[in-house]
Amino acid sequence: MSTTNDIVLARSYAYTNTLEGVYYGPKCVKTALPKLLDTLGAKRALVVTGKSLRNKTDVVARIENILKKSNAFGATFSEIGEHTPEAGIENGVSKFREVDADIIVSVGGGSPIDASKAIIFKLQQQRAQETSGKEPEFLRQIAIPTTLSAAEYTSGAGYTNKQGDKVLVVHQDLSPAGIILDAELTLSTPEQLWLSTGMRALDHAVESLYSPRVPLPLKKLCHAAIADLFHFLVLSKKDGKDLVARQRLQVASWMSLWPRKIENFGPLGLSHSLGHKLGATYGIPHGITSCLTLAPVVNLQAEIASQEDKGYLAEALFYLRKPSTGTVDGDVRKLSHMINSLVQELGLQRTLSQYGVPMADIEQIAVRAVGQEDEELLSKVKIVLGSIY
């Protein structure tokens with residue numbers, strides 16, 4: 001039987017050009033934000049966030065005060081909803097120009113961080129049309145995440161257009177220039193959002209193990225991320241104020257989707273692809289889509305994945321300090337069972353029917369996720385979707 005030890009390595013890796021620093025630790029935002037502003041030469045920031053974070057917590061006010069002390073506060077824009085509607089993007093572009101900002105400081109989860117990338121992308125298109133000669137450099141973003149979705153580590157952004165479809169914008173220069181992981185700023189994040197985005201990070205880490213685009217060193221980081229996410233999500237569920245657990249989870253989220261240059265931006269794997277199709281269409285948060293799809297998709301890998309990819313999945317048991325079943329396929333199924341048990345332990349078990357997904361839509365969701373060319377795979381994906389209905 002072949003194992004991952006028999007595989008000849010042949011892949012590549014490149015860092016992102018934009019990243020000037022990742023700072024982590026409770027209360028680090030007080031020093032990290034001014035330092036990043038200085039490093040980037042930024043003079044006036046537009047804070048991009050969501051309404052709940054702005055109106056129901058003091059997190060945004062704390063960021064505003066730090067910016068004001070640095071004489072770098074322009075305004076706060078909080079018209080960012082879940083799944084990042086296009087209208088909010090357009091209004092954000094207008095606000096950025098209105099206050100003459102030169103940088104965005106995003107605060108919150110994946111929606112404001114992705115919205116900021118989309119705002120920068122649209123601003124770049126406008127500025128390129130207004131400028132003759134050399135295209136201007138992309139504007140920059142400093143991301144201050146309060147969830148574990150890991151949007152701050154990618155160069156792509158998804159938003160929902162006016163027709164309700166997911167639109168993807170991608171450019172290497174859209175990756176944030178600075179990231180601040182301050183666990184203290186996450187204390188007001190609702191428990192379900194915090195834990196479910198932790199499952200999203202687990203989705204990133206697990207699907208990276210069988211993604212052909214992820215090089216070996218990052219797969220090793222993902223193994224470490226998987227172990228930490230399993231351990232610290234449970235601790236965070238038991239005590240939501242445990243700053244050590246929350247900080248370790250933020251770092252695990254970082255390890256799950258380590259910044260890298262990629263030529264073709266797309267879903268890491270089937271769980272992500274299904275999540276994208278379910279999220280915007282049926283109003284299911286992406287953290288919850290991972291709770292729904294990851295375990296059954298991993299179970300399916302025991303049937304459809306290559307021996308190399310199954311080997312990486314099976315190796316996760318070593319990092320989780322769990323004994324092997326004696327077979328690679330058995331180990332992959334055991335990992336799937338452990339993921340499902342974690343979802344239950346975190347109180348995050350859901351069904352498609354709870355979100356009003358019509359049973360009649362399952363075939364179309366499967367087709368949109370994997371196409372119709374491989375009838376056997378399509379049939380298996382429909383079974384996966386049926387199992388979570």
Side-chain angles (χ1 to χ4, degrees), residues 1-14 148 150 153-154 198-233 249 251-275 290-291 293-343 369-370 374 377 380-381 384:
M1 182 179 70
S2 66
T3 69
T4 51
N5 294 329
D6 303 319
I7 304 301
V8 177
L9 299 178
R11 287 192 184 130
S12 63
Y13 174 78
L148 299 167
Y153 305 110
T154 72
M199 289 302 302
R200 186 66 171 171
L202 184 64
D203 202 350
H204 299 325
V206 170
E207 291 224 293
S208 290
L209 297 180
Y210 50 86
S211 171
R213 295 178 291 144
V214 177
L216 181 60
L218 300 197
K219 291 184 190 293
K220 295 300 182 183
L221 275 176
C222 288
H223 278 134
I226 289 167
D228 280 357
L229 287 163
F230 263 86
H231 180 66
F232 290 105
L233 280 170
L249 285 168
V251 174
S253 170
W254 175 16
M255 291 193 295
S256 79
L257 206 60
W258 197 261
R260 62 191 172 96
K261 275 188 180 179
I262 54 176
E263 295 179 3
N264 300 308
F265 193 90
L268 275 171
L270 178 57
S271 178
H272 279 69
S273 184
L274 288 171
S290 294
C291 296
T293 60
L294 181 58
V297 165
V298 169
N299 192 62
L300 179 60
Q301 298 308 311
E303 297 180 45
I304 67 173
S306 68
Q307 281 300 117
E308 178 185 7
D309 292 341
K310 285 193 280 192
Y312 290 129
L313 284 168
E315 195 177 350
L317 295 188
F318 172 80
Y319 289 84
L320 291 165
R321 302 182 182 183
K322 298 295 181 182
S324 169
T325 64
T327 69
V328 172
D329 288 1
D331 288 354
V332 173
R333 291 193 172 96
K334 183 173 180 176
L335 177 61
S336 167
H337 176 74
M338 290 179 66
I339 293 167
N340 188 56
S341 296
L342 178 62
V343 170
V370 299
D374 188 334
L377 176 61
K380 291 179 186 297
V381 172
V384 165

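- Here Tyr13 pairs with Tyr15 under the ring-ring contact (aromatic ring centres under 6.0 Å, His included) rule; sequence neighbours left out.
- Remark: Leu300 engages Leu270, Glu303, Ile304, Lys380, Val384 in a side-chain contact (heavy atoms from CB on, under 4.5 Å) (not counting sequence neighbours).
- Distance check, rounded to the nearest 0.5 Å: CG of Leu268 to CG of Leu257 gives 6.0 Å.
- In this structure, Leu148 CG and Ser253 OG are separated by 5.0 Å, a value rounded to the nearest 0.5 Å.
- Nearest heavy-atom pair, Asn299 versus Ser336, reported as atom, atom and distance to 0.1 Å: CB-OG, 3.4 Å.
- Distance check, rounded to the nearest 0.5 Å: CG of Leu221 to CH2 of Trp258 gives 6.0 Å.
- Of the possible polar contacts, none joining the Ser256 side chain to the Cys222 backbone as a donor-acceptor pair under 3.5 Å is found.
- Closest approach of Val332 and Ala302 over heavy atoms only: CG1-N, 3.8 Å.
- Using a 4.5 Å heavy-atom cutoff, the side chains of Leu335 and Lys322 are not in contact.
- Checking side-chain atoms of Ser208 against main-chain N and O of His204 turns up a donor-acceptor pair under 3.5 Å.
- The two residues Pro323 and Leu317 make their nearest non-hydrogen contact at O-CD1, 3.9 Å.
- By the side-chain contact (heavy atoms from CB on, under 4.5 Å) test, Ser341 is found to be paired with His337, residues two or more places apart in sequence or in another chain being considered.
- At least one side-chain heavy atom of Met199 sits less than 4.5 Å from a side-chain heavy atom of Val343.
- Listed by chain and number, the residues in a side-chain contact (heavy atoms from CB on, under 4.5 Å) with Ser324 are Asp331 (sequence neighbours excluded).
- Considering only residues two or more places apart in sequence or on other chains, Ser271 meets the side-chain contact (heavy atoms from CB on, under 4.5 Å) condition with Asp203, Glu207, Thr293, Leu294, Val297.
- For the pair Glu308 and Pro212, the minimum side-chain heavy-atom distance is 4.5 Å or more.
- Counting only heavy atoms from C-beta outward, the side chains of Val214 and Tyr210 never approach each other to under 4.5 Å.
- A search for salt bridge (charged side-chain N to carboxylate O under 4.0 Å, His left out) contacts involving Asp329 returns Lys310, not counting sequence neighbours.
- Taking 4.5 Å as the limit, every side-chain heavy atom of Leu209 sits out of range of all side-chain heavy atoms of Asp309.
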For residues 223-233, please give each side-chain donor-acceptor pair under 3.5 Å, one per line with the distance, not counting sequence neighbours.
residue: His223; atom: ND1; partner: Lys219; partner atom: O; Å: 3.4
residue: His223; atom: NE2; partner: Tyr312; partner atom: O; Å: 2.8
residue: Asp228; atom: OD2; partner: Arg248; partner atom: NH2; Å: 3.2

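- Lys220 is linked by a salt bridge (charged side-chain N to carboxylate O under 4.0 Å, His left out) to Glu315, counting only residues two or more places apart in sequence or in another chain.
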